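First comes the structure, then the notes that go with it.
Quick note: residue numbers are just sequence positions, from 1. Atoms within a ligand are numbered from 1 in the order they appear, just like the ligands themselves. Because the structure is predicted, anything quoted here is derived from the model rather than measured.
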Amino acid sequence: MDQTKEMYEMLGISREVYEYGNVILEGLKERFLAIDETAEYNQLKVLKAMQENQVSEACLLGTTGYGYNDLGRDTLEAVYAKVFHTEDALVRPQITCGTHALALALMSNLRPGDELLSPVGKPYDTLEEVIGIRPSKGSLAEYGVTYRQVDLLQDGSFDFERIRAAIGEKTRLVTIQRSKGYQTRPTLSVERIGELIAFIKAIKPDVICMVDNCYGEFVEKLEPSDVGADMVVGSLIKNPGGGLAPIGGYIAGKKECVENAAYRLTSPGLGKEVGASLGILSQFYQGFFLAPTVTASALKGAVFAANVYENLGFAVVPDGRESRHDIIQAVTFGTPEGVIAFCEGIQAAAPVDSHVTPEPWDMPGYDAQVIMAAGAFVSGSSIELSADGPIKPPYAVYFQGGLTWQHAKFGILRSLQSLVDKGIVTKASIEEAKCRKTAK
Ligand SMILES: *Cc1c(COP(=O)(O)O)cnc(C)c1O
């Protein structure tokens, strides 16, 4: 134990920050056991899907050129379909990121004259340009697809009355974002997503329900596709890539929806038949295999961060006790300085580029400057320890990831140290917070 403490000291963590962290951890044993139990179930789910599809050594090789008869690619898509309990899946390195996967799912399943509905409020920032909420070249709006939105009620619940009123003749596709993204609304549980889909399907059975599953995969035992979603969509440099996938996205769902997406990704007539996997498949397979435990590590980090900062008096979403439905932790600092200090600490904790200082910049797709801390093996990967904060009120940071729990823990302590070093959090307030916790 003393050796570990010394190691923390050598890495710049002061005694009071280290001890405060351990007091917080004392209270989290049961939470962590429950997270491990979910990971155990999901590990077996993935293993079963791989065994049933007879993943073989030949699947780990890749194709070049057109990529006809790519056994590994086709088998991996069958494995994803099995895990998500869907008819089919599209899992490709040619899908460049999460936004691309979502844009692909939307653009391939909507036609001019159709209407898209978001019954859970404003979607993720980058989707505003995909949809055309902010005018943008090539948006759905330019192709004559209209958009409607129903916000969540003040308390975070669904506005069923207005959702009913918003579903009309033209409504073709409903997009439901599971994770909070850059907002402070609660993340939706799979159970709540199921209730919403059931409500919508009762009004209009043939409407396509798509779930933006980013950051949600393997957090629970069920996925949105288990409760009625026609499509689930996500990024491989988040949870399902397990930290090993260097690029990629997936769409799992109804055969027709996935087929539409494949024809859009490659070409009408070609669809899933082309798309060489190059040399990337062993990372896709191994990453998917590791994803349940990597997600569990990130989840422990999020729960730890919530408790560390909540107990110091900062507003956190979700709070320290709430059940979790994604791996994101929001902490509100209320000032740009707090956001920046936090991100500097996360950067300083990284295995790659720990010596650089992150700065706010005008990131494409976002409407305010964003500061990002990411010292990742895969550039921009947010299943690895990372944090980002838009420089706008309420000045909240969104923390996520950690390929191992031990690294997530270190990153959070390092972020707190950074706030202490800048005088934003005082040593006295840490002592006080520690005593408050011990007294309970
Ligand atoms: C990350 C994310 C996206 C976009 O993914 P990128 O890979 O960053 O393009 C979309 N929706 C949600 C909820 C996300 O978290």
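A cation-pi contact, defined as under 6.0 Å to the ring centre and within 45° of the axis, is absent between Lys238 and Tyr398.
When only interatomic distances are considered, the shortest N/O to N/O separation between Gly98 and ligand 1 falls below 3.5 Å. Every N/O-N/O distance between Gln177 and ligand 1 stays at or above 3.5 Å.
In this comparison of Lys238, Met363, Lys180, the heavy atom closest to atom 1 (C) of ligand 1 sits on Lys238.
Tyr215 and Ser382 share a side-chain donor-acceptor pair at under 3.5 Å.
Note that CG of Asn239 and CD1 of Ile327 are 4.5 Å apart. Values are rounded to the nearest 0.5 Å. Residue Tyr285 holds its OH atom at 7.0 Å from CG of Leu60, rounded to the nearest 0.5 Å.
When heavy-atom distances to ligand 1 are checked against a 4.0 Å cut-off, Asp212 comes that close only through its side chain, counted from C-beta outward. Only the side chain of Leu102 comes within contact range of ligand 1, with a heavy atom under 4.0 Å; no backbone atom does.
Using cut-offs of 30° and 60° for the angle between ring planes, the Phe333 and Tyr309 rings count as perpendicular.
Under the rule for a ring pair (Phe, Tyr, Trp, His ring centres under 6.0 Å), the partners of Tyr66 that lie at least two apart in sequence or sit in another chain are Tyr68.
Looking only at protein heavy atoms, the nearest one to atom 9 (O) of ligand 1 is Thr99 OG1, 2.6 Å.
Within ligand 1, counting atoms from 1 as listed, the ones closer than 4.0 Å to a heavy atom of Tyr215 are 15 (O).
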